[in-house]
Amino acid sequence: MPLSDARAHLLTNDTADRYRRLLNEGVDRVAARIATTERPCSGVTPDVLAPIVDSVDLDRPLGDPLAALAELEDVYLRDAVYFHHPRYLAHLNCPVVIPAVLGEAILAAVNSSMDTWDQSAGGTLIERRLVDWTARRIGFGPAADGVFTSGGSQSNLQALLLAREEALAATGPSRAAALPRLRILASAAGHFSVQKSAKLLGLAPDAVVAVGVDADRRMRPVALDRELARCRERGQVVMAVVATAGTTDFGSIDPLPAIAERCAAAGVWLHVDAAYGCGLLASTTRRHLLAGIERADSVTVDYHKSFFQPVSSSALVVADGRRLRHATYHADYLNPARMAEQRIPNQVDKSLQTTRRFDALKLWMTLRIMGADAIGALFDDVVDRAAAAWDLLAEDPRFEVVTRSALSTVVFRYLPTGAGRVHADAVNLHAREALAASGAAVVAATKVDGRHFLKFTLLNPETTVEDIATVLELIAGHAEAYVARATAPLLACTA
Ligand SMILES: *Cc1c(COP(=O)(O)O)cnc(C)c1O
């Protein structure tokens with residue numbers, strides 16, 4: 001491609017028209033897909049799709065954008081998993097609100113970077129307003145601050161980095177001696193990013209201690225007391241307690257006031273992982289479920305889960321903004337200390353990232369067009385639907401359903417009767433796979449006390465109780481077929 005042709009692909013003042021036309025073509029294709037998808041996925045398997053993707057010669061460009069869009073149908077769009085479909089019931093993926101998608105298109109084209117004022121200007125101020133807005137909803141005071149991150153995993157990592165630095169500062173001069181003694185207390189239903197963070201932070205392999213949960217999978221305050229005492233007896237230093245406001249599997253919310261009480265008494269950093277439950281911050285009817293969150297030292301919020309935002313959009317918010325200094329380094333070329341002295345705002349001093357997306361714009365457009373109440377109403381709606389799904393399952397003798405979620409998950413399994421009972425694990429694994437292969441619906445799988453269960457995560461207000469009933473019939477159908485095969489007398493095969 002000659003240089004002049006290459007330049008025609010750059011978005012510049014000469015090519016704004018090309019940008020407008022091409023974006024419209026892309027939007028038209030996606031809109032057509034979204035409007036006509038009959039199934040949440042095609043059920044394609046990697047061995048079918050991989051040869052198609054692998055056959056693309058990346059060193060022979062098509063040149064024509066329309067040809068590339070046509071090719072994209074084959075390598076991606078036709079077989080993508082569509083979260084807007086009412087029978088996508090698997091993971092914490094949401095249908096997205098259009099104001100946020102508008103924000104996404106704008107931020108990609110302007111391409112602001114959130115590290116410094118001279119790469120973002122108003123972007124920095126907008127992000128700061130949204131951090132403050134979130135902090136106020138949490139109930140933090142004026143000292144609060146925070147930063148947008150790539151997701152809950154990064155938010156949790158950064159929270160635990162800050163907690164580690166505070167704990168090490170308190171334990172005296174020898175970091176090397178103190179590091180192996182640090183412990184993090186979290187419930188067994190907490191998120192695995194806590195374990196990953198502990199590893200990245202150089203903690204001992206057994207640094208994350210699982211605190212016992214009650215029948216509803218909420219951390220038990222007496223179990224927390226016991227672990228705090230045990231750590232003290234062993235000379236270990238608890239650097240943080242991680243409470244979860246919305247566990248990924250069970251949607252359970254740890255008893256935040258009781259946990260906050262204990263953290264305050266023990267002088268331990270309380271991190272609340274509200275990656276999933278943060279949508280309640282916008283709810284006009286269920287905000288009370290997060291009572292106590294305002295006593296945390298740090299909070300993780302994933303707008304890309306319960307605020308219906310496109311990936312990625314997350315934040316870490318801390319009660320005392322000064323503690324973000326543990327993530328601050330000054331580079332002469334980027335954020336010299338003199339800029340801080342001149343009070344020129346930048347976000348890189350608070351972030352683990354340097355170049356960083358202007359994800360905050362999506363939430364800004366959402367709040368400016370729809371408002372928080374509308375987001376809260378969407379989330380409340382799916383929480384209501386999960387309760388209805390639980391009722392449906394509880395009445396159905398074919399299924400066993402576990403704890404009623406405070407949020408929008410439902411964990412259950414098909415329970416074969418009689419001789420089929422021994423196959424319960426295999427039956428549920430099979431039902432999930434068969435369902436996904438058919439493309440009719442997507443549900444998740446998890447384990448409860450060592451047994452295989454199925455899981456709905458509802459985040460789509462378009463999912464009706466009828467959709468859920470239909471999916472349950474499909475699961476039962478696949479399960480019954482499996483049981484029939486597994487328990488058929490061998491004789492049948494010899495005919
Ligand atoms: C999803 C989730 C995370 C991780 O967030 P990502 O955005 O996927 O990195 C952390 N904690 C909980 C409770 C979650 O549900």
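Note: hydrogens, waters and symmetry copies are ignored here, and every other heavy atom, side chains too, is used. Both counts, for ligands and for their atoms, begin at 1 and track the order of listing.
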**Q.** Derivation of the side chain to side chain contact (heavy atoms under 4.5 Å, CB included) call for E165 and R323
**A.** CA-CA 9 Å; E165 292 306 297; R323 286 159 150 187; over 6 Å; no
(Q) Whether the side chain of S187 engages the backbone of M219 through a donor-acceptor N/O pair (distance < 3.5 Å, no angle test) should be reported. (A) no
Q. At what distance, to the nearest 0.5 angstrom, does CG of D132 lie from CZ of F140?
A. 12.5 Å
Q. So which protein heavy atom does atom 11 (N) of ligand 1 come closest to, and at what separation?
A. D273 OD2, 2.6 Å
Q) Hey, which atoms in ligand 1 end up nearer than 4.0 Å to a heavy atom of D302? A) 5 (O), 6 (P), 7 (O)
(Q) Is there a polar contact between ligand 1 and T248, counting only N or O atoms under 3.5 Å apart? (A) yes
Q: Show which atoms of ligand 1 fall inside a sub-4.0 Å distance from at least one heavy-atom site of L92.
A: 15 (O)
Q. For atom 8 (O) of ligand 1, what's the nearest protein heavy atom and its distance?
A. K305 NZ, 4.1 Å
Q: Could you list which atoms of ligand 1 come closer than 4.0 Å to a heavy atom of A275?
A: 2 (C), 3 (C), 10 (C), 11 (N), 12 (C), 14 (C)
**Q.** Check against side-chain hydrogen bond (donor to acceptor under 3.5 Å, both in side chains), T124 and S120
**A.** CA-CA 6 Å; T124 288; S120 64; 2.6 Å; yes
**Q.** atom 4 (C) of ligand 1 - nearest protein heavy atom and its distance
**A.** H191 CE1, 3.4 Å
Q. Distance from L89 atom CG to D467 atom CG, nearest 0.5 Å?
A. 7.5 Å
Q. Only one of V97, L102, V101 clears side chain to side chain contact (heavy atoms under 4.5 Å, CB included) with M365; which?
A. L102
Q. Taking heavy atoms and a distance under 4.0 Å, where does N156 meet ligand 1: side chain, backbone, both or neither?
A. side chain
Q: Indicate yes or no: does R78 engage E73 in a salt bridge with an N to O separation below 4.0 Å.
A: no
Q.
Is it the case that ligand 1 has an N or O less than 3.5 angstrom from some N or O of G246?
A. no
Q. Does any N or O atom in Y276 lie less than 3.5 angstrom from one in ligand 1, N or O only?
A. no
Q) Does the N or O separation between H304 and ligand 1 drop below 3.5 Å for any pair? A) yes
Q) What's the shortest distance from atom 6 (P) of ligand 1 to any protein heavy atom, and which residue and atom give it? A) G152 N, 3.3 Å
Q) Is the distance between the ring centroids of F412 and F456 less than 6.0 Å? A) yes
Q: May I ask you to check whether F148 and Y303 place their ring centres under 6.0 Å from each other?
A: yes
(Q) Checking the N or O distance criterion of under 3.5 Å, is ligand 1 in contact with S150? (A) no
